[in-house]
Amino acid sequence: EPMIGALAAGNTVVLKPSELAPASASLLATAISTYLDNKAVKVMQGGPSMGEQLLQQRWDKIFFTGNISRLSSF
């Protein structure tokens, strides 16, 4: 739902699916790049280091649905 609202409002979205579900992450990346505008939505696959790199960027909003106990930077 957050992605739908963000796109409907004219924003771009970066998704970072869990590395604990690689098949689902791959399916999501393939489906999104096939059916949605690649300029509006990007899927970044990878482990914790990818998440850390994304958190180093400047974002207007971050919607996090994961487990907070796994984050080392908070």
Side-chain angles (χ1 to χ4, degrees):
E1 287 180 32
M3 183 179 88
I4 295 167
L7 292 172
N11 297 293
T12 57
V13 174
V14 175
L15 299 173
K16 193 325 203 149
S18 174
E19 68 276 6
L20 300 178
S24 295
S26 179
L27 177 65
L28 181 66
T30 300
I32 285 180
S33 68
T34 301
Y35 298 110
L36 297 178
D37 183 354
N38 291 322
K39 295 178 193 170
V41 184
K42 296 285 185 192
V43 178
M44 305 298 291
Q45 297 184 73
S49 64
M50 174 58 72
E52 292 292 330
Q53 290 175 21
L54 288 171
L55 289 173
Q56 298 300 317
Q57 305 304 308
R58 184 179 174 275
W59 304 101
D60 291 328
K61 300 283 184 196
I62 295 177
F63 186 84
F64 178 73
T65 61
N67 183 346
I68 193 74
S69 66
R70 294 195 52 200
L71 292 178
S72 60
S73 63
F74 287 115

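Excluded from the calculations below are hydrogen atoms, water molecules and symmetry mates; all remaining heavy atoms, backbone and side chain alike, are included.
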Closest heavy-atom pair and its distance - [X], [Y]:
X: Pro17; Y: Ala25; answer: CG-CB, 3.6 Å
X: Leu54; Y: Trp59; answer: O-NE1, 2.6 Å
X: Met50; Y: Gln45; answer: CE-O, 3.8 Å
X: Ser33; Y: Asn38; answer: CA-OD1, 3.3 Å

>> Side chains of Leu55 and Ile62, heavy atoms from C-beta outward: is any pair under 4.5 Å?
In response: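 Yes - at least one pair of side-chain heavy atoms lies under 4.5 Å apart.
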
>> So Val41 and Lys39, do their side chains get closer than 4.5 Å, heavy atoms only?
In response: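 No, every pair of side-chain atoms sits at 4.5 Å or beyond.
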
> CG of Leu15 to NZ of Lys42: how many Å apart, nearest 0.5 Å?
Replying inline: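 Reported value, rounded in 0.5 Å steps: 12.0 Å.
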
> Rounded to the nearest 0.5 Å, how far does CG of Asp37 lie from CD1 of Ile32?
Replying inline: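 Taking CD1 in Ile32 and CG in Asp37, the distance rounds to 12.0 Å.
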
